[in-house]
Undergrad: 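Have a look at this one before I ask anything.
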Amino acid sequence: MTGKKVIITGVPGVGKTSVITESIRRLEEEGVPYQSINFGTFMFEVAQKENMVQDRDEMRKLDKNTQKRLQQLASQAIARIDGNVIIDTHASVKTPVGFLAGLPEWVLKELKPDLIILVETDSDQILKRRLSDASRVRDIEGYRDIQDHQDFNRAVAAAYAMFTGCTIRYIKNPDFLLEKAVEDMVQTLR
Ligand code: AP5
């Protein structure tokens, strides 16, 4: 397989998809094509076909072993995609029984990422974005819980770097500064 594999993560509502979408448009203009793949969509297609869920926000509530099976199937399918690929996913998923690693060994072995990016911002901004997004069924939690999740993601990303030898980059996406986040992302992916 040729091309770069970049994994982009961030807690729900941090705006990673917004940053990815605009960055890909800018890179395309510069002649650096990337394909964006949403890991959750690959999982959701199987989960829906097997009548396990009605919407993507129900997946994190499924039994842990079911989530792991969906993860494995998604990573195997994504690994077959050629060229520069951005994988929009989660460093960890908050399930009712604790954090589930988004990129465990069997996923990393398939994806072999060159780089993992964590999109972050202040937790109170994430809380506000979740509350104003009517299109999704976001977990209701306070900003301290959101901060715990961001902290856990940094910790688990260090383990992913140890396991794969990939680099880890943090990109900030604060309110009113989406353009700056896109600039940082484009520079990193160029
Ligand atoms: P997925 O749909 O990828 O998860 P998500 O993070 O919940 O969804 P979004 O992509 O919508 O979040 P986002 O933060 O990128 O938001 P957006 O850009 O829209 O995954 C779904 C499910 O799949 C997961 O829950 C999990 O179950 C499963 N899954 C996925 N990967 C997995 C894995 N590896 N292992 C196991 N399970 C996995 O932005 C949000 C809002 O913020 C928008 O309103 C936007 O306008 C606003 N915004 C963005 N940037 C700014 C800014 N700078 N200033 C102000 N507002 C901003």
Side-chain angles (χ1 to χ4, degrees), residues 4-30 32-44 55-60 71 74 78 84-95 99-103 107 111 113-158 160 166-190:
K4 250 196 215 172
K5 294 273 177 294
V6 181
I7 294 181
I8 302 186
T9 69
V11 298
V14 74
K16 62 187 161 24
T17 304
S18 308
V19 180
I20 291 170
T21 305
E22 182 56 17
S23 301
I24 285 190
R25 195 192 63 73
R26 292 261 304 271
L27 286 160
E28 187 76 51
E29 280 177 5
E30 293 183 14
V32 185
Y34 271 89
Q35 195 181 156
S36 174
I37 306 293
N38 187 295
F39 196 99
T41 300
F42 273 74
M43 288 177 60
F44 183 55
D55 73 67
R56 57 202 293 122
D57 288 301
E58 287 175 39
M59 287 194 296
R60 60 181 172 269
Q71 250 181 354
I78 293 169
N84 291 333
V85 177
I86 285 176
I87 302 153
D88 178 345
T89 185
H90 291 274
S92 70
V93 176
K94 206 172 217 178
T95 78
F99 292 121
L100 177 81
L103 306 166
V107 170
L111 299 181
D114 297 290
L115 165 68
I116 298 179
I117 296 176
L118 277 72
V119 180
E120 300 176 333
T121 193
D122 292 348
S123 308
D124 55 343
Q125 296 180 355
I126 296 170
L127 177 60
K128 209 171 58 197
R129 291 177 201 174
R130 285 187 191 176
L131 291 173
S132 54
D133 182 0
S135 69
R136 298 290 299 265
V137 186
R138 305 283 193 192
D139 289 336
I140 304 298
E141 51 185 1
Y143 74 91
R144 282 176 199 271
D145 290 324
I146 295 173
Q147 190 52 50
D148 277 350
H149 194 176
Q150 293 201 102
D151 292 344
F152 183 80
N153 283 346
R154 281 196 176 205
V156 81
Y160 300 154
C166 73
T167 51
I168 304 288
R169 173 98 208 262
Y170 307 136
I171 290 185
K172 297 275 173 229
N173 179 33
D175 281 353
F176 313 114
L177 289 172
L178 179 62
E179 185 50 37
K180 171 75 173 66
V182 170
E183 186 52 46
D184 290 348
M185 182 76 81
V186 167
Q187 245 179 43
T188 308
L189 298 179
R190 215 174 249 140

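None of these values were measured; they are calculated from a predicted model.
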Undergrad: Is the side chain of E183 donor-acceptor paired with the backbone N or O of S23 at a distance under 3.5 Å, no angle test?
TA: no
Undergrad: What heavy-atom pair brings L115 and C166 nearest, and what distance separates the two atoms?
TA: N-CB, 4.0 Å
Undergrad: Atom CD1 in I126, atom CZ in R138: separation rounded to 0.5 Å?
TA: 10.5 Å
Undergrad: Without swapping roles, check the side chain of H149 against the backbone of V11 for a donor-acceptor pair under 3.5 Å.
TA: no
Undergrad: Can you name the closest pair of heavy atoms from V186 and E30 and give their distance?
TA: CG1-OE2, 3.9 Å
Undergrad: Hey, does V119 have a side-chain heavy atom less than 4.5 Å from the side chain of M185?
TA: yes
Undergrad: Give the minimum heavy-atom separation between K16 and G10, together with the two atoms involved.
TA: CE-O, 3.3 Å
Undergrad: In Å, rounded to the nearest 0.5 Å, how long is the span from CD1 of I20 to CG of N38?
TA: 8.0 Å
Undergrad: Got I78 and F42 here, is their nearest side-chain heavy-atom distance under 4.5 Å?
TA: yes
Undergrad: Between the main-chain N or O of E120 and the side-chain N or O of N173, is there a donor-acceptor pair closer than 3.5 Å?
TA: no
Undergrad: Is D139 paired with R60 through a side-chain N to carboxylate O contact shorter than 4.0 Å?
TA: yes
Undergrad: Is a salt bridge present between D57 and R136, judged by a nitrogen-to-oxygen distance below 4.0 Å?
TA: yes
Undergrad: Please assess K94 against D145 for the test side-chain contact (heavy atoms from CB on, under 4.5 Å), listing each intermediate value before the final yes or no.
TA: CA-CA 10 Å; K94 206 172 217 178; D145 290 324; 3.7 Å; yes
Undergrad: Taking all non-hydrogen atoms of both residues into account, name the closest pair between G40 and M59 and its distance.
TA: O-CE, 3.4 Å
Undergrad: Mind checking the OG-CZ spacing from S123 to R130? Nearest 0.5 Å is all I need.
TA: 9.0 Å
Undergrad: Would the distance check show the side chain of D133 and the main-chain N or O of S135 forming a donor-acceptor pair, the cut-off being under 3.5 Å?
TA: yes
Undergrad: A side-chain contact here means heavy atoms from C-beta on lying under 4.5 Å apart; do L111 and I87 qualify?
TA: yes
Undergrad: Please answer whether the main-chain N or O of Q125 pairs with a side-chain N or O of Y143 as donor and acceptor at a distance below 3.5 Å.
TA: no
Undergrad: Below 4.5 Å, heavy atoms only, C-beta onward: do V19 and T21 meet side chain to side chain?
TA: no
Undergrad: Can you tell me how far the OH atom of Y34 sits from the CD atom of E28, to the nearest 0.5 Å?
TA: 12.0 Å
Undergrad: Determine whether a donor-acceptor pair (N or O, by modelled atom type, separation under 3.5 Å) exists between the side chain of Q71 and the backbone of F39.
TA: no
Undergrad: Between D184 and K172, is the closest basic N to carboxylate O distance under 4.0 Å?
TA: no
Undergrad: Does the pair R26/E22 count as a salt bridge with the N-to-O cut at 4.0 Å?
TA: no
Undergrad: Evaluate I7 against T89 for side-chain contact (heavy atoms from CB on, under 4.5 Å), listing each step before the verdict.
TA: CA-CA 7 Å; I7 294 181; T89 185; 3.6 Å; yes
Undergrad: Look at D148 together with R144 and state whether they make a salt bridge at an N to O cut-off of under 4.0 Å.
TA: no
Undergrad: Side-chain contact test, heavy atoms from C-beta onward, threshold under 4.5 Å: evaluate it for I86 versus I24 and give yes or no.
TA: yes
Undergrad: Nearest 0.5 Å, what's the CD1-OG1 distance between I116 and T167?
TA: 8.5 Å
Undergrad: Examine the side chains of T9 and N153 and answer whether a donor and an acceptor come within less than 3.5 Å of each other.
TA: no
Undergrad: Please walk me through it: do L100 and S92 pass side-chain contact (heavy atoms from CB on, under 4.5 Å)?
TA: CA-CA 5 Å; L100 177 81; S92 70; over 6 Å; no
Undergrad: Could you walk me through whether V6 and I117 pass side-chain contact (heavy atoms from CB on, under 4.5 Å), step by step?
TA: CA-CA 7 Å; V6 181; I117 296 176; 4.0 Å; yes
Undergrad: For N84 and K4, indicate whether the former's side chain and the latter's backbone hold a donor-acceptor pair under 3.5 Å.
TA: yes
Undergrad: Between the side chain of Y160 and the main-chain N/O of L103, is any donor-acceptor distance below 3.5 Å?
TA: yes
Undergrad: Please round to the nearest 0.5 Å and tell me the distance separating atom CG of L127 and atom CD of Q147.
TA: 12.0 Å
Undergrad: Within a strict 4.5 Å, meaning less than it, do heavy atoms of the L118 and I168 side chains meet?
TA: yes
Undergrad: Between T188 and R169, is any side-chain donor less than 3.5 angstrom from a side-chain acceptor?
TA: yes
Undergrad: Does I37 reach the side chain of D88, with side-chain heavy atoms less than 4.5 Å apart?
TA: no
Undergrad: Contact between V14 and I146 at the side-chain level, heavy atoms closer than 4.5 Å - yes or no?
TA: no
